[in-house]
Number of protein chains: 2
Amino acid sequence: MSTSKKLPLNSILQGDCIELMNSLPEKSVDMIFADPPYNMQLSGELRRPDDSHVDAVDDHWDQFESFAVYDAFTEEWLAAAQRVLKDDGTLWVIGSYHNIFRVGAKLQDLGFWILNDVIWRKTNPMPNFRGTRFTNAHETLIWCSKDRNAKGMTFNYDALKVMNDDIQMRSDWLLPICSGGERLKVDGEKAHTTQKPEALLYRILTAATNQGDVVLDPFFGSGTTGAVARKLGRNYIGLEREEKYIKVAKERIRKVQPLSPENLEVTTSKRQEPRVPFGSVVERGLLSAGQVLFDSRKRYRARVRADGSLVASDISGSIHKVGARLQGASSCNGWTFWHFDAEGQSVSIDVLRQQVRAEMN
Amino acid sequence: MSTSKKLPLNSILQGDCIELMNSLPEKSVDMIFADPPYNMQLSGELRRPDDSHVDAVDDHWDQFESFAVYDAFTEEWLAAAQRVLKDDGTLWVIGSYHNIFRVGAKLQDLGFWILNDVIWRKTNPMPNFRGTRFTNAHETLIWCSKDRNAKGMTFNYDALKVMNDDIQMRSDWLLPICSGGERLKVDGEKAHTTQKPEALLYRILTAATNQGDVVLDPFFGSGTTGAVARKLGRNYIGLEREEKYIKVAKERIRKVQPLSPENLEVTTSKRQEPRVPFGSVVERGLLSAGQVLFDSRKRYRARVRADGSLVASDISGSIHKVGARLQGASSCNGWTFWHFDAEGQSVSIDVLRQQVRAEMN
DNA sequence: GCAGCCTGTGAATCAGATT
DNA sequence: CAATCTGATTCACAGGCTG
C-alpha cells in the first residue's frame, strides 16, 4: 500500500468514480458520503392537475438497462469505497425505494456493517398528483462501518443531542428539500436535478466527522458535500464525471465562508407542535367507528366512520367540513365543535387530541 | 389450478408458512401482510432463520452464509406469496435495517413492483443506551403489487385523506409502539416479542383492502392482523408455526367486536361513481341542442349539438376535447369546465350529471 | 410598507375503461 | 392488443405582483 501518495484534498477530480477511487491510497479517508443514481424507472410524462408539466429526473446518468447492470455498478463502487475507507471510517448512502434496497443488500454482502438507517422526512415533498399512492415524503440513508468488527467510528452523540434540544437524536430527520436561494441555477434552470439540501449534509458531517477529517463524495454533482465540508472545517474530495457540474460546484464552494473553529457550534432545530389528524384518534381506538358526536348545544349530531370521516344525514367528510356544512358556515374547527358522551358527561373531542399529543412527546 | 378449493377463512393454520401458502389455491387472496423474522444478527450473534443459535466455533457459519440462508428463505416465502396473491392484490412487508434491504431487493428480483415504502415512526422508541448510534425510532414497510403491469389494486386514497384531515396521506406514519393494555401478556411476560400495534394494521387495512377482502398473514404471531381484520370486516387467514402464539391469537381475536358494516363505509373516490355520458344529458332534455356553454370566466364558448358534441368555431368533439383544445391544454374535465345559463346564473354542467345519477337510483 | 393574491416547482417508478 | 377516450388529481414554500 502506498499511503505515501498525497491525497488531492479540497479538490474535484473529473472521471469515473470507480477508477478514481481505486487510484487513491487505500484506508485514507474518514468518511464517504454517496448519493448514487437512483435508477428511477419512469414511464410516461406526468402533469399536475393544473396541466403544468412535471420536470422529471430523466438524466442519462440515471438510466440503467436492468437491475443486474445496476447491481454490478453498485458492487463496483461500494468495493472501491470500502478499499479507500480507513478502518474506523464510515459510509453514508442516500437513496429512495427505487434503489436503496439493492444498495443496502449489496453493502451487507460486501461486509459493511449497518449502524443505522436514517429517514430524511421532507417538510415539503412533491405531492402525488394522481391520487394513486402515498405522498413520497422521505428518502432513506444508510450509515455503516467498514466491517462488522470495526471500532472507533466517529459519532458526536452530544453535539447531536444539543442540536436536538437535549433529546437524543432519532433516526428520523425532518428537513426541507433544497429550494429558494440555495438551489443553484444556470441560465434560470436548475443546475442539477437532484441537489441535496445543505442542512442534510450539515447534520451528517456534524454527527460522523471531526474537524480536519477527509470526506469523500464519489457522486459529487453540484457539490453540496464540498460546500458544507468547507463551512465546517472538514476536507473534501469530490469525484464527478460531468464537466458542467464540476464548474458549478467549484464556483459554489469558492463562495463558502468557513466557520471559525470557535463558531462551529450547532444551531438548534425548531420543534413544531405536531398536527394531529382526527383519523388517528379513531385509528388508536380513542373513539370508535359508530360513535355519535354532537355540538355543545346538541343541535347537530354526526356519526363517526372507520376512516375518521363523519356522517350526518346526507353529508359526509372531515370533522371540520361536516361541522361547517351543518351550520351553513364556510369553516369550522371540528376539534372544539364536536363532543362525545363519556359516562353521561359531554366531553370535547379536543381532549382526545391532547391525549394523542401527549403520547407523541 | 384448483380454485375450487375452499379458503380457510378466519382461521389460523399451524405449520410452515411456505408449505401452507403453497397448499392454498393460487390467486386467491386480496392482500398479504408479512412481518418476517429478522433474528439473524441481533446483538451481534448469528442465528438461523429457524431461530437456532449458531456456535461460531464449531459451525463454520459466517456472515455470508447467514445472509445466503436468509435470502433463500426470503425468496421461498415471497415466491409462495406471489403465487397465492390475486393479480390485483398487494403485499405489505415490514422490517428493520437488519433485513428490509434484503427483502426489498429480493421482492424486486421476483418482479413485485414497489408502490411505496412507508416509514413507521415510533412515538416512543427504545432509547439507545450506549449513545453510539441514533435512536432507532422507525421501521420500514414496503407496499407492492404483484408485478409491474398489475392494475386495479385497492387504494382508498380518499379515506386516508379524510383520516389525515383532508391532506393527502404521506409515506411517514407516526404511531405509538404496542404497549399498555394492548400488549398481550402470558404469566406477566410479553406473549410475543414483536407484537405490532393495532393502529398500524388499522391504517394498512383501511388503505389497501375493502370490506370482505381476504387478508393473509404468513407470520401471524400474536394475531394483530387477525384482530384488526375482524374489527374492520375483512377476512383473515393466519399462518403460524408455534402452538403458543396460536393459542394467544385465537383468544385475542375471539374477544374482538366487529364494527357494523354501515360504520365501515369509507369515503369513496369520484372515480367509483357510475359514468354518465354527456350525450345522455342532452338526450334527457336537461340541455337542448343549440344551447351555448361557456367556461367560468367566460373566455370560451361552445354550442351543444344533438349528439352531445360541442362546436366552437372550427373545433368539434366531446366536452372534454373541445375544452382542452380551446385552452391549448393536454386534457380537460369538461364536466367542471363548462357552464350554462340558468335564469341569469352561471351553473356548472356537473350539476346535470348529478341529476342524471340521482335519477339512475 | 405590508398584506394578500397569483404563479411556479420539487429524485415520480402517478388510470382505467372502451373501441 | 394497441390506440383512443373519459375525466380525476396537489402540498409546502418561495418569489413576484397588486392594491
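Throughout, protein chains are lettered first and strands after them, A, B, ... in sequence-line order, and every chain is numbered starting at 1. Remember, predicted model here, so these are calculated numbers, not experimental data. All values below come from the heavy atoms of this structure, side chains included, with hydrogens, waters and symmetry mates left out.
- One can place CE of B:Met169 at 17 Å from P of D:dT9, the figure rounded to the nearest angstrom.
- The nearest whole Å value for the distance from the CD atom in A:Glu45 to the P atom in C:dT9 is 15 Å.
- More than 90° away from 0 lies the glycosidic angle of C:dT7, which makes this nucleotide anti.
- The residue B:Ser318 sits close only to the backbone: its heavy atoms come under 4.0 Å of sugar-phosphate atoms, none of a base.
- For B:Leu160 and D:dT10, the CG to C1' distance is 16 Å, given to the nearest whole Å.
- Nucleotide C:dG10 holds its C1' atom 13 Å from the NE2 atom of A:His53, rounded to whole Å.
- A donor-acceptor pair is defined here as one N or O able to donate and one able to accept, closer than 3.5 Å; no such pair exists between the side chain of A:Gln195 and the backbone of A:His192.
- For C:dA12, the base has no donor-acceptor partner in the side chain of A:Ser96 [N/O atoms by modelled type, under 3.5 angstrom].
- The pair B:Arg357-B:Asp350 fails the salt-bridge criterion, with no side-chain N (NZ, NE, NH1 or NH2) lying under 4.0 Å from an Asp/Glu carboxylate O.
- Applying the 4.0 Å criterion to OP1 and OP2 of D:dG7, one finds that B:His320 has a side-chain N or O inside that range.
- Looking at heavy-atom distances under 4.0 Å, A:Lys196 makes contact with a base.
- Distance CD (A:Gln63) to P (C:dA12): 14 Å, rounded to an integer number of Å.
- Rounded to whole angstrom, the span from the CZ atom of A:Arg48 across to the P atom of C:dG8 amounts to 10 Å.
- If you check the side chains of A:Arg252 and A:Thr224, you find a donor sitting under 3.5 Å from an acceptor.
- Here B:Lys161 does not pair with B:Asp158 in a salt bridge; the nearest charged N to carboxylate O distance is not below 4.0 Å.
- For the P atoms, the distance linking C:dT13 with D:dA8 amounts to 23 Å, nearest Å.
- Checked against the 6.0 Å centroid criterion, the rings of B:Tyr300 and B:Trp338 do not qualify as a close aromatic pair.
- Atoms CZ (B:Phe337) and C1' (D:dT9) sit 17 Å apart, rounded to a whole Å.
- Residue-level contact check: A:Glu182 touches neither bases nor backbone, having no heavy atom under 4.0 Å from any strand.
- Residue A:Pro36 is classed as a base contact, given a heavy-atom separation below 4.0 Å to a base.
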Atom pairs, N/O to N/O, protein against nucleotides 13-15 of chain C, distance under 3.5 Å?
{"residue": "C:dT13", "atom": "OP2", "partner": "A:Tyr97", "partner atom": "OH", "Å": "2.0"}
{"residue": "C:dT13", "atom": "OP2", "partner": "A:Asn136", "partner atom": "ND2", "Å": "2.5"}
{"residue": "C:dT13", "atom": "O5'", "partner": "A:Tyr97", "partner atom": "OH", "Å": "3.3"}
{"residue": "C:dT13", "atom": "O4'", "partner": "A:His98", "partner atom": "NE2", "Å": "3.3"}
{"residue": "C:dT13", "atom": "O2", "partner": "B:Trp113", "partner atom": "NE1", "Å": "3.2"}
{"residue": "C:dT13", "atom": "O2", "partner": "B:Ile114", "partner atom": "O", "Å": "3.2"}
{"residue": "C:dT13", "atom": "N3", "partner": "B:Ile114", "partner atom": "O", "Å": "3.1"}
{"residue": "C:dC14", "atom": "OP2", "partner": "A:Ser43", "partner atom": "OG", "Å": "3.4"}
{"residue": "C:dC14", "atom": "O4'", "partner": "A:Thr132", "partner atom": "OG1", "Å": "3.1"}
{"residue": "C:dC14", "atom": "O2", "partner": "A:Asn128", "partner atom": "OD1", "Å": "3.2"}
{"residue": "C:dC14", "atom": "O2", "partner": "A:Phe129", "partner atom": "N", "Å": "3.3"}
{"residue": "C:dC14", "atom": "O2", "partner": "A:Arg130", "partner atom": "N", "Å": "2.6"}
{"residue": "C:dC14", "atom": "N3", "partner": "A:Phe129", "partner atom": "N", "Å": "3.1"}
{"residue": "C:dA15", "atom": "OP2", "partner": "A:Arg130", "partner atom": "NH1", "Å": "3.0"}

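- Around CZ of A:Arg325, the count of heavy atoms belonging to other residues, nucleotides or ligands within 6.0 Å does not exceed 12.
- In the set C:dT9, C:dG10, D:dC11, C:dG10 carries the atom at the smallest distance from any side-chain atom of A:Arg183.
- Of all nucleotides listed (D:dC5, C:dA11, D:dT10), C:dA11 comes nearest to the side chain of A:Ile177.
- For the side chain to side chain contact (heavy atoms under 4.5 Å, CB included) test with B:Ile142, the passing option among B:Ile114, B:Asn116, B:Leu91 is B:Ile114; the others fail.
- Taking the P atom of each, C:dA11 and D:dG15 are spaced 16 Å apart, rounded to whole Å.
- Taking all atoms of both residues into account, the shortest heavy-atom contact from A:Glu182 to A:Glu198 is OE2-N, 2.7 Å.
- Screening A:Trp173, A:Phe33, A:Trp92 for a ring pair (Phe, Tyr, Trp, His ring centres under 6.0 Å) with A:Trp143, the sole residue that qualifies is A:Trp92.
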Which nucleotides of nucleotides 12-19 of chain D have their base under 4.0 Å from a protein heavy atom (B), which only their sugar-phosphate (S), and which neither (-), written as one string 5' to 3'?
SSSS----
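- For the pair A:Asp307 (side chain) and B:Thr267 (backbone), a donor-acceptor distance under 3.5 Å is present.
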When you look at B:Trp120 and B:Leu141, which way does the side-chain contact (heavy atoms from CB on, under 4.5 Å) test go after all the steps?
CA-CA 7 Å; B:Trp120 168 29; B:Leu141 296 121; 4.2 Å; yes
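- No contact: A:Cys178 has no heavy atom under 4.0 Å from any strand.
- Using a 4.0 Å heavy-atom cutoff across all strands shown, A:Asp35 reaches at least one base atom of the nucleic acid.
- Put simply, CZ on A:Phe64 is 19 Å from P on C:dA11, counting in whole angstrom units.
- Looking only at distances, a side-chain donor or acceptor of A:Asn128 sits under 3.5 Å from a matching main-chain atom of A:Arg130.
- Rounded to whole Å, the C1' atom of C:dG1 lies 13 Å from the corresponding atom of D:dT18.
- As rounded to the nearest Å, D:dT10 and C:dG10 have C1' atoms that lie 12 Å from one another.
- A pairwise comparison of heavy atoms in A:Ala81 and A:Ile32 identifies O-CD1, 3.4 Å as the closest pair.
- Regarding contacts with the backbone of C:dG10, a side-chain N or O of A:Lys190 is found under 4.0 angstrom from either OP1 or OP2.
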Only Watson-Crick and G-U wobble pairs with both distances less than 3.5 Å should count. Give DNA chain D in dot-bracket notation, marking inter-strand partners with |.
.|||||....|||||||||
